[in-house]
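Protein chains get the first letters and strands the later ones, always in sequence-line order, with residue 1 at the start of each.
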2 protein chains.
Amino acid sequence: MANIQQVAKQAGVSVATVSRVLNGQNKVASKTKQKVEEAIKELNYEPSMLGRNLRNSESRIMLILIPTISNPFYFEIIKGIENMALSQNYSILLCETDSKPEKEDIYFDLVRKKMADGIISMDPAVNIETLRELAEKYAIIQCSEYGGGIGIPYVTIDSEEASYRAVKHLIQIGHRKIALMNSDEKFSYARERKAGYVRALAEYGIPVIDDYILYTQQLGFEYGQQAMKKILALPDRPTAVFAVSDLLAIGALKELNAAGIHVPNDMAVVGFDKIDFSNMTNPTLTTIAQPMYKMGTIAAQMLIDLLRGEQVDSVVLEHELIIRESTSG
Amino acid sequence: MANIQQVAKQAGVSVATVSRVLNGQNKVASKTKQKVEEAIKELNYEPSMLGRNLRNSESRIMLILIPTISNPFYFEIIKGIENMALSQNYSILLCETDSKPEKEDIYFDLVRKKMADGIISMDPAVNIETLRELAEKYAIIQCSEYGGGIGIPYVTIDSEEASYRAVKHLIQIGHRKIALMNSDEKFSYARERKAGYVRALAEYGIPVIDDYILYTQQLGFEYGQQAMKKILALPDRPTAVFAVSDLLAIGALKELNAAGIHVPNDMAVVGFDKIDFSNMTNPTLTTIAQPMYKMGTIAAQMLIDLLRGEQVDSVVLEHELIIRESTSG
DNA sequence: ATGAAAAATGAAATCGATTACATTTTCATA
DNA sequence: TATGAAAATGTAATCGATTTCATTTTTCAT
């Protein structure tokens, strides 16, 4: 495995010249350049990023923190991040935290140890205080989920408004007994989506019934199924459910199917995220679409800007209510 | 951001001593050790992996090549890899190739440039010749999908046998007109699964009908839907379908649903992979389960062994036919 | 107290690149 | 042809760790 010294020797020039050829910017006489390129080819030389990175004090790696890889919601975001990163010569380290602080810390260490230049955090469970401290020394962007007011730039959608629209849609098609299948309120998105739910109900003078609001520990089919079981056991059963995640909604649909309850006639269902699978269910799922790919590219661009020392501002992207069979027989 | 020099100065020792304290192995007087540790704490020192990696000529990063992140089949494998990697102080760089050689090459470059120590390839589209060449100089493990006979260790299941069992199951419950929804035969798994299909039919004296074998360009719901449309248009319609991926099978189910064809009564369906979704469909999907998590941990361990210079042998893991509603009314 | 062996520590080379600064070469012009 | 500016190239420091080998300190039996 040749190094730059050997290339220099082979080409009969100094390492500086080889480096200049490598990086293209500086002027090198075309004859010299040719000699160097030949030497590179002959020796099958590939510049080591280890050396380059040390010298440049950068790793050109960005850390992506996600709670779990199992939620397809993250797919498109990751693709967006990856493409933007790649186009600017960054690679991405995908880190699944399982929403556990210990695992989070392992990954934070990678930044502290210069193995990664910055972080795009999508983990709603992230310890916000740790994140804030870290952000003082390192470049961090929040994507999708965020803690406001801590000075870390984020890109997201207006969850409150999206939720409001989803619930309003249910009300407008005639529902008044609407359940909310939420996740833990320690997550900002959970709080916001609840707020939107409450606002929509309030606007139509519908009282908020505590029993209609369920909390799931995690996002996953099973949790949606369980929550739906509880809803079905309610004495005054709701006629509609708004779930804060497609995964929950799909689990709910499954449970409704099993119970022989017709969707949307007996129970309407709305999800959130528009994951691919939400169009494969029977009936297909009404849901909120987020511009995930775009969110990813923007997050990556923001991080790169931040790393360049530029000022970056938070971004709120548009969302869209996608009406499908689960709310329109 | 302190470096080892400053710690040494602060502690009144040499950098060698600090390094020894850092790495624990060498004997350092406990008094000295304490001084150093205090200095580390005072300066908030974190050793830079850039320096360490350059010196050690390793990056402690392993590359995971997957065709697309959108197939949940990879979830558990990735988790397995990640956990094993983490436990041995490796990080994983997740790389989506989209089965495009250009993208593949970008990632291969990371290995050539020492940004990654080795590769776990799960990409069936990977250029096998490139991979073989690369394997001469770098550590590579094939996971799930593999090219045999090129001397690169792999961990996988017996796809031919799994496919044989799936089709045999369909035959045993009474089907004789069985379609195969395959993907491109450039992939080894596609060839093997077809072979298993053919063997099962042959065993029962059922002729192979070319029209019953469909090829999809990719694995994805839409492709399953399209293929099912073609099957439904067949003059002598099959009564069962074996799809080589759950994604295809789920798309097929969707299409059957839309066409008002009852599963399994009018058409039985078998998938492959046992992704989470496969239990959420209506009806639930009969499928082949692979020990994905285990496959991941083994692949990671194999790569680490390879990096250590040890001899590693290929592994074939068990699979299991999971019979659910789509084949048992 | 002495000396040899063992333990602890330090000096300096090394990994492989980039780059500031110094030096040499080129080349147009007087 | 001599001269000076511009262009090309080289020298050597640097990034931040690890590690070999040399040196110093400690330990302990005599």
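Counting any heavy atom pair closer than 4.0 Å across all strands shown, V28(A) reaches sugar-phosphate atoms only and no base atom. Within the nucleic acid shown, A16(B) comes within 4.0 Å of at least one base atom, counting heavy atoms only. Nucleic acid contact class of S19(A) (heavy atoms, under 4.0 Å, all strands): base. The residue L54(B) sits close to a base: some heavy atom pair falls under 4.0 Å. Note on E46(A): only backbone sugar-phosphate atoms sit closer than 4.0 angstrom, heavy atoms only; bases stay farther off. Across all strands, V18(B) comes closer than 4.0 Å to no nucleic acid atom at all (heavy-atom distances).
Using a 4.0 Å cut-off between charged nitrogen and carboxylate oxygen, E129(B) and R132(B) count as a salt-bridge pair. Between E82(B) and K103(A) there is a salt bridge, since at least one side-chain N of the basic residue sits less than 4.0 Å from a carboxylate O of the acidic one. Of the charged side-chain nitrogens involved, none lies within less than 4.0 Å of a carboxylate oxygen, so that K137(A) and E46(B) do not count as a salt-bridged pair. Using a cutoff of 4.0 Å between basic side-chain nitrogens and carboxylate oxygens, E58(A) and R60(A) are scored as salt-bridged.
Separating the CE atom in M115(B) from the OH atom in Y107(B) is a distance of 13.5 Å, to the nearest 0.5 Å. In this structure, D305(B) CG and Q88(B) CD are separated by 8.0 Å, a value rounded to the nearest 0.5 Å. Atom CZ of R112(B) and atom CG of N44(A) lie 9.5 Å apart (nearest 0.5 Å).
A donor-acceptor pair under 3.5 Å is formed between the side chain of Q142(A) and the backbone N or O of I152(A).
In this structure, CD of Q5(A) is placed 13 Å from P of dG10(D), rounded to the nearest angstrom. As rounded to whole Å, 19 Å separates atom P of dT14(D) from atom CD1 of I4(A). Summarising the geometry, the separation between NZ on K31(A) and P on dA7(D) is reported as 18 Å, rounded to the nearest angstrom. As a whole-Å value, the separation of N53(A) CG from dT14(D) C1' is 15 Å. Between the CD atom of E58(B) and the P atom of dT18(D) there is a distance of 11 Å, rounded to whole Å.
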Dot-bracket line, read 5' to 3' along DNA chain D, where crossing pairs take [ ] and | marks a partner on another strand, Watson-Crick or G-U under 3.5 Å: ||||||||||||||||||||||||||||||
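For the OP1/OP2 pair of dT18(D) and a distance below 4.0 Å, the side-chain nitrogens and oxygens of R52(B) include at least one atom meeting the criterion.
In summary, contact between chain B and DNA chain C, defined as any nucleotide atom under 4.0 Å from a heavy atom of the protein, begins and ends at dA8(C) to dG16(C) in the 5' to 3' direction.
No hydrogens or angles considered: a donor-acceptor pair under 3.5 Å links the side chains of K79(A) and S70(B).
Between N56(B) and K33(B), it is K33(B) whose nearest contact on DNA chain C lies nearer the 5' terminus. Positionally, the nearest nucleotide of DNA chain C for A29(B) lies more toward the 5' end than for the other of K114(B) and A29(B).
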